[in-house]
Structures are given as structure tokens and as C-alpha cells.
Protein chains: 2
Amino acid sequence: MDKILDIDNIDLKIISLLNEDAKTPYTEIAKKVFVSSGTVHVRMKKLEDMGIVKSATLNIDFSKLGYDISAFLGIYLEKSSLYDNVIEKLKTISEVVSAYYTTGNYSIFAKIICRDTNHLRLVLDNIQKVEGIDRTETLIVLEESINRPIQFFDKEK
Amino acid sequence: MDKILDIDNIDLKIISLLNEDAKTPYTEIAKKVFVSSGTVHVRMKKLEDMGIVKSATLNIDFSKLGYDISAFLGIYLEKSSLYDNVIEKLKTISEVVSAYYTTGNYSIFAKIICRDTNHLRLVLDNIQKVEGIDRTETLIVLEESINRPIQFFDKEK
DNA sequence: ACTCTATTTGGATTAAATCTAAATAAATAA
DNA sequence: TTATTTATTTAGATTTAATCCAAATAGAGT
């Protein structure tokens with residue numbers, strides 16, 4: 001019953017190609033994968049129905065839109081049982097773009113994107129105020145050196 | 001000369017809508033933003049030329065493809081001057097999907113995606129072997145509670 | 001080898017992207 | 001204010017792609 005068994009190399013190649021440019025016409029994908037464009041449609045529909053391909057999004061340069069500072073936050077909770085409550089609060093803070101439950105010292109590990117240092121300070125203040133949060137550690141991103149999708153065709157098959 | 005000045009609310013609305021679903025036809029975007037589809041084209045071309053919209057990518061559920069474990073790595077270097085060299089080495093390890101230069105204790109902060117715990121162990125071994133890396137701390141992601149794009153229309157304008 | 005089922009294909013139809021010239025709007029100068 | 005220039009938007013016209021579907025092919029099980 002493992003869904004991975006339903007996925008072959010044609011699927012992976014289609015995903016890889018569309019992951020580089022999701023707007024590539026299926027006709028062009030079809031040529032590169034050596035199937036008909038109808039097959040690309042069928043496969044993509046399958047992948048979408050299976051929930052493997054969830055959506056297509058834009059890759060945006062946020063700094064060019066004035067969002068110049070991003071930061072990772074290690075969040076310590078007063079009690080770890082407060083996790084769900086705190087996540088709900090974080091969801092209401094639009095600058096929080098991701099949040100994870102991780103092993104290690106932090107109870108929650110989150111990422112925020114802000115316009116400038118002032119904005120960052122405001123957002124950090126807001127997060128500190130959230131009930132259940134003990135303290136936070138901030139890792140400000142000074143440079144993004146790698147940011148890329150998984151490559152499927154390096155070592156496996 | 002600030003590029004932000006060239007971006008108006010029409011641009012931001014187009015970006016917001018396409019960021020939710022990059023495959024939405026421009027004709028549909030046009031209706032929602034109350035301009036012609038030609039204008040959507042012109043604006044998107046401008047945004048692409050400016051490098052604000054870099055590409056479109058798929059949002060993939062990697063766990064359904066058998067990539068079940070992701071982890072953040074705090075990397076300590078022997079000397080911080082080795083940063084660029086180590087980044088180049090990390091680029092050759094396909095499981096490394098992102099790497100940042102951040103404030104705080106770590107010299108490099110990275111994210112990796114692996115199939116299972118065995119695969120994770122292999123990748124961690126490979127990373128430890130990289131010349132210049134002193135030691136690493138691993139935060140294994142047990143749950144992804146938030147993962148979303150920036151929202152432009154919450155508090156501003 | 002035969003039957004049943006699933007997948008792929010190519011062509012027909014519908015829809016969207018792209019291009020262009022004209023219209024409109026905005027900005028500047030007289 | 002009006003005239004002139006410049007930039008932006010628009011509405012077709014054309015090209016291209018997405019979508020749908022019936023027929024062909026391939027694969028699995030008996």
C-alpha cells in the first residue's frame with residue numbers, strides 16, 4: 001500500500017522538470033521525457049490526486065520587494081504541552097512563514113521574514129508576548145548561499 | 001532608484017494570487033484584479049525582468065515520495081574564513097537544500113532532506129567529513145506546523 | 001493464448017498565451 | 001490650461017497549449 005510504488009521514473013522526471021520551471025508547457029515536458037503530452041497530463045493528474053504535487057508557487061526575490069531580513073527563531077516554551085496553542089498564535093503573525101517541531105533544545109523552530117530591522121524588532125516583540133513562550137534565540141540570515149529543490153537523479157537510479 | 005517604487009498594489013495582488021497557484025490563467029487573475037489579461041502579462045514580464053519573480057516551482061509533498069526526514073544543521077567551522085569553501089562542498093551534496101550564513105553560534109545553518117534514518121546517517125557522515133567543518137548540531141524535524149508564503153495584504157495598505 | 005484492466009496515444013475541441021496596433025492615461029513643458 | 005511626449009492599458013487577431021475522448025497498445029492474471 002505504499003504510494004511510492006506507484007511512482008516511476010517518468011513521474012520523477014516530470015516532477016524534476018516542472019520543479020525547475022512549473023510553467024513549462026506539457027508538450028515540451030513530453031518531448032524531454034519521450035512520451036505524449038496526454039501522458040504528461042495523466043501523470044500530473046495522478047500526482048495531484050495523490051497529493052504528491054500540492055500546488056505550484058512562485059519563487060520570489062523578497063529582498064527586491066523590500067523584505068530584506070529573514071531570521072530563524074529557536075523558541076523555548078514554558079511547558080512543551082503548550083505547543084499547539086503557541087502554533088495557533090504564531091499562525092496569526094503573518095511574518096512567520098514556517099514553524100517546526102524539532103529535536104534538540106528548542107521547542108519550536110520558526111522562520112520569519114521582515115522588511116527591515118525595525119520591522120524585525122516589532123515582530124520579535126509580538127512573538128515574545130505570545131502566551132506560553134519562555135524565551136527565544138534569533139539567528140538572523142546574513143546570506144543565503146544555497147536554496148534549491150531536491151534532486152532525484154543524482155545517486156538513485 | 002529603489003525598485004520597490006515601481007511596484008504597486010496591482011503587482012502585489014498578481015504576485016499574491018499566483019503565489020497561491022502559479023498555474024492560474026492570466027485571464028482569471030485579470031478578472032480578480034480588475035484589469036485586462038494583457039496588463040497581467042505586461043506586469044508579470046516586468047516583474048520577471050526585474051528579477052522579483054525568479055521562477056515558478058512545484059510544491060511537493062516529499063514524504064509521499066519517500067523523503068521522510070528533514071533536519072536543520074548547525075555547522076561549526078574550524079575557521080570562519082573557510083565559509084566559501086565549505087559551501088562549495090555542501091553544494092555537491094544533493095541532500096542539502098539550503099544553507100545560510102547567520103548570526104549566532106553556528107557558522108553555517110543548513111537544511112537537508114533524506115529518505116529515512118539510515119540515509120540521514122549517511123548524509124551526516126558525509127557532511128562531517130567535509131574539510132573545514134569542526135562539528136555539527138542536528139535538529140530533526142518531527143512536524144511541520146506552518147509553511148506558507150508571505151502575505152502582503154495583512155497590515156500594510 | 002485469451003480475457004480483462006490499465007495506460008498511452010493522437011486527434012479534435014476548447015481555452016489560454018502571446019503579440020500588436022490603437023486607445024487611453026499620465027507627465028511634462030509651453 | 002493646452003499641447004506634446006511618454007508610458008500604460010486595452011481589445012482583438014494569431015499562435016500555442018490544455019483538455020477531453022475514443023481507439024490502440026501494453027500488461028497482468030487465468
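Note on naming: letters A, B, ... go to the chains in the order of the sequence lines (proteins, then strands), and numbering restarts at 1 for each one.
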Practice prompt. Look at atom CZ of A/Phe62 and say whether more than 12 heavy atoms of other residues, nucleotides or ligands are closer to it than 6.0 Å.
Written response: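 More than 12 heavy atoms, drawn from other residues, nucleotides or ligands, come within 6.0 Å of this atom.
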Discussion item. Quick test of your reading of the model: are A/Lys91 and A/Glu88 salt-bridged, counting only N-O distances below 4.0 Å?
Written reply: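 Result for this pair is yes, salt bridge flagged.
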Practice prompt. May I ask you to say whether A/Asp125 pairs ionically with A/Lys129, meaning some side-chain N is under 4.0 Å from a carboxylate O?
Written response: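 Salt bridge flag = no for A/Lys129 with A/Asp125.
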Practice prompt. Using Watson-Crick or G-U wobble geometry with both distances below 3.5 Å, tell me the partner of D/dT4, or none.
Written response: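 Its partner is C/dA27 (Watson-Crick or G-U wobble, both distances under 3.5 Å).
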Fill in: Pair B/Ser70, A/Tyr100: side-chain N/O donor-acceptor within cut-off below 3.5 Å
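Not at all, the side chains of B/Ser70 and A/Tyr100 share no donor-acceptor pair under 3.5 Å.
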To the nearest Å, how far apart are [X] [atom1] and [N] [atom2]?
X	N	atom1	atom2	answer
A/Lys23	D/dA18	NZ	P	10 Å
A/Asp8	D/dA26	CG	P	17 Å
B/Ile7	D/dT8	CD1	C1'	15 Å
B/Tyr26	D/dA17	OH	C1'	14 Å
A/Lys46	C/dA6	NZ	P	14 Å
A/Asn9	C/dT7	CG	P	17 Å
A/Ile10	C/dT7	CD1	C1'	10 Å

Item to complete: List in numerical order all residues of residues 29-45 of chain A for which some heavy atom is under 4.0 Å away from an atom belonging to DNA chain D.
Response: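 Per residue number, the list reads A/His41.
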Item to complete: Please confirm whether A/Tyr83 and A/Tyr76 have ring centers closer than 6.0 angstrom.
Response: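 Judged by ring-centre distance (under 6.0 Å), A/Tyr83 and A/Tyr76 do not meet the cut-off.
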Worksheet item: In this structure, which one of A/Asp11, A/Asp6, A/Asp8 forms a salt bridge (Lys or Arg N to Asp or Glu O under 4.0 Å) with A/Lys46?
Response: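 Of the listed residues A/Asp11, A/Asp6, A/Asp8, the salt bridge (Lys or Arg N to Asp or Glu O under 4.0 Å) partner of A/Lys46 is A/Asp11.
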